[in-house]
Amino acid sequence: EADVKSGTSPALRAALSKPVPIGDLPFRVYAAPFRAAGSHSSVLVSVEIDGASLRFQEREGRFNERVEVSIIAADERARVQGEDRQEFDLRLQPDTYQRVRQTGVRLLSRLTLRPGRYHIQVGAHETSAGATGTVAYDLEVPDYQRLPFGLSGLVLASSSGDALVTANPDPLLKETLGGSPAATRRFTTTETLTVYAEAYDTSRQAHAIPFGTTVHNAMDGRKVFEST
């Protein structure tokens, strides 16, 4: 059975203990490691829940829903090394409700992990109809202290990304990106994308670091953007 935080609902606990993903509540997940203090890394986890799958209940002019999210990071020996549990009460005005129904809701988390390979289980549960979903995500956290040169995970934001409501914005990335990190990788031709990454260089001599960015269409492999 999955080792989950106390307070996790029985429905979500049961879902996380199953060996196969559950898709009753669809959502997307993305994770990116960043160097932190000492030998640890701060791993950003972005969870984007499909808004049309949330079953809001209208009361007194507001649309209400409670969303519970559990994140568990286990190492190669299946030992839990990091976890988080968040619960959000959504009480939305009609205009915000319509926006969430069309786009969804984004939840962000930070896990502190040592270098290594991790199997991350993410579970989400909404209380109005009792729908639950789970997603598994494999991630390798580099040993940044031992690398002569390293790169963090890439974080992507879109000019229309904030159409999707973020329940708990990440203050550091909000200021840097000007928006919230996106888990989706499907965009329209009218959107402007911003990519953020951190470079970690242990050299003590001054030198230039060239950066290049290339974007390919995932459908046919065509190069659609390049910058050096």
Side-chain angles (χ1 to χ4, degrees), residues 1-32 43-59 62-74 78 80-111 118-139 156 158 160-170 180-187 218-219:
E1 183 174 333
D3 185 3
V4 297
K5 271 194 168 186
S6 60
T8 302
S9 67
L12 190 51
R13 184 183 296 271
L16 288 167
S17 69
K18 295 184 182 299
V20 294
I22 298 174
D24 295 338
L25 181 60
F27 62 90
R28 296 179 294 270
V29 174
Y30 177 72
V43 176
L44 172 77
V45 181
S46 176
V47 180
E48 295 178 355
I49 301 175
D50 177 49
S53 300
L54 296 173
R55 300 294 183 242
F56 287 87
Q57 301 293 322
E58 184 179 3
R59 291 192 299 272
R62 288 183 178 267
F63 293 83
N64 303 274
E65 175 67 287
R66 174 174 292 180
V67 178
E68 175 189 9
V69 173
S70 179
I71 303 171
I72 305 168
V80 174
Q81 301 295 337
E83 58 184 330
D84 186 26
R85 176 184 178 273
Q86 300 183 32
E87 198 169 26
F88 298 91
D89 285 311
L90 303 175
R91 301 183 67 252
L92 307 181
Q93 297 280 2
D95 56 343
T96 308
Y97 163 73
Q98 292 298 333
R99 176 179 157 197
V100 168
R101 289 283 294 171
Q102 294 176 7
T103 59
V105 61
R106 179 187 293 114
L107 310 172
L108 302 177
S109 176
R110 290 272 188 169
L111 301 177
Y118 293 91
H119 184 72
I120 300 177
Q121 282 184 287
V122 182
H125 174 70
E126 58 88 20
T127 60
S128 292
T132 302
T134 60
V135 169
Y137 192 101
D138 292 321
L139 177 72
L156 193 65
S158 162
S160 63
D162 281 341
L164 192 147
V165 174
T166 302
N168 56 339
D170 186 286
S180 295
T184 185
R185 291 298 180 264
R186 186 182 295 272
F187 306 98
M219 300 296 291

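Nothing here was measured: the structure is a model prediction, and the numbers come from that model. In what follows, residues are counted from 1 in the order of the sequence shown.
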Working for side-chain contact (heavy atoms from CB on, under 4.5 Å), residues Phe187 and Leu156
CA-CA 11 Å; Phe187 306 98; Leu156 193 65; 3.5 Å; yes

Q: Take Leu25 and Leu54 through the test side-chain contact (heavy atoms from CB on, under 4.5 Å) and record every step on the way to the result.
A: CA-CA 8 Å; Leu25 181 60; Leu54 296 173; 4.0 Å; yes

Test side-chain contact (heavy atoms from CB on, under 4.5 Å) on Leu111 and Asp84 and set out the steps.
CA-CA 7 Å; Leu111 301 177; Asp84 186 26; 4.0 Å; yes

One pair to check against side-chain contact (heavy atoms from CB on, under 4.5 Å): Tyr137 and Val122. What are the steps and the verdict?
CA-CA 8 Å; Tyr137 192 101; Val122 182; 5.6 Å; no

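Shown here for Ala124 and Val69, the closest heavy-atom pair between the two residues is CB-CG2, 4.3 Å. Across all their heavy atoms, Gln57 and Ser128 have their closest contact at CG-OG, 3.7 Å. Of all the heavy atoms in Ser70 and Thr8, the pair that sits closest is OG-OG1, 4.5 Å. Gly7 approaches Arg85 most closely through the heavy-atom pair O-NH2, 2.9 Å. In this structure, Leu164 and Val105 approach most closely via the heavy-atom pair CD2-C, 3.4 Å. Taking both residues in full, the closest heavy atoms of Ala14 and Ser17 are given as O-OG, 2.6 Å, listed atom of the first, atom of the second, then distance.
Counting only residues at least two apart or in different chains, ring pair (Phe, Tyr, Trp, His ring centres under 6.0 Å) contacts with residues 81-110 comprise Phe56-Tyr97, Phe63-Tyr97.
Inter-residue side-chain proximity for Val29 and Val45 is flagged as met; some heavy-atom pair is nearer than 4.5 Å. A 4.5 Å side-chain heavy-atom check between Leu108 and Pro181 finds at least one atom pair inside the cut-off. Here the side chains of Pro21 and Thr134 are in contact, with some heavy-atom distance below 4.5 Å.
Applying the side-chain contact (heavy atoms from CB on, under 4.5 Å) rule to Ala129 yields the partners Arg55, Glu126; only residues at least two apart in sequence or on another chain are considered. With sequence neighbours excluded, the residues satisfying salt bridge (charged side-chain N to carboxylate O under 4.0 Å, His left out) with Arg28 are Glu48. Ser46 pairs by the side chain to side chain donor-acceptor pair (under 3.5 Å) definition with nothing, not counting sequence neighbours. The side chain to side chain donor-acceptor pair (under 3.5 Å) search around Ser158 returns Ser160, Glu191, not counting sequence neighbours. Residues that satisfy the side chain to side chain donor-acceptor pair (under 3.5 Å) test with Asn168, not counting sequence neighbours, are Gln86. Partners of Asp95 by salt bridge (charged side-chain N to carboxylate O under 4.0 Å, His left out), not counting sequence neighbours: none found. By the side-chain contact (heavy atoms from CB on, under 4.5 Å) test, Arg186 is found to be paired with Thr184, residues two or more places apart in sequence or in another chain being considered. Applying the side-chain contact (heavy atoms from CB on, under 4.5 Å) test to Gln98 and every residue at least two apart in sequence or in another chain returns nothing. Under the salt bridge (charged side-chain N to carboxylate O under 4.0 Å, His left out) criterion, Glu65 pairs with no residue at all, not counting sequence neighbours. Under the salt bridge (charged side-chain N to carboxylate O under 4.0 Å, His left out) criterion, Arg110 pairs with Asp170, sequence neighbours left out. For Thr132, the side chain to side chain donor-acceptor pair (under 3.5 Å) criterion is met by His125, not counting sequence neighbours.
The distance from the OG1 atom of Thr127 to the CG atom of Asp89 is 8.0 Å, given to the nearest 0.5 Å. Between atom CD1 of residue Ile120 and atom CD1 of residue Ile71 there is a gap of 8.0 Å, rounded to the nearest 0.5 Å. Remark: Arg101 CZ to Asp50 CG distance equals 8.5 Å, nearest 0.5 Å.
The backbone N or O of Ala163 sits less than 3.5 Å from a side-chain atom of Arg99, completing a donor-acceptor pair. No donor-acceptor pair closer than 3.5 Å links the side chain of Asp24 to the backbone N or O of Ile22.
The existence of a salt bridge linking Arg66 and Glu68 is excluded, since no basic side-chain nitrogen approaches an acidic carboxylate oxygen closer than 4.0 Å.
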